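Before any comments, here is the structure.
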Amino acid sequence: MDKKRLYVDFHVIQTVPPSCINRDDTGRPKTAVYGGANRARVSSQ
């Protein structure tokens with residue numbers, strides 16, 4: 001018995017507003033506490 005398989009492929013394009021990923025909503029640099037000190041947070045992207 002030969003079963004046919006259905007293959008579904010979705011491609012979605014989503015528009016997003018331009019933004020700086022290293023700054024918060026108010027435009028200030030993002031920070032994180034690391035090693036007991038407040039440091040600038042930099043995205044790996």
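Everything numeric in this text was worked out from a predicted model, so none of it was measured.
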Which pair of heavy atoms, one from [X] and one from [Y], lies closest together, and at what distance?
X	Y	answer
Lys30	Arg23	CE-O, 3.3 Å
Asn38	Thr31	OD1-CB, 3.4 Å
Arg41	Asn22	O-OD1, 3.8 Å

Connected via hydrophobic side-chain network under 4.5 Å: Phe10 and Leu6: yes

More than 12 heavy atoms of other groups within 6.0 Å of Asp9 CG: yes

Heavy atoms of other groups near Arg28 CZ, more than 12 under 6.0 Å: no

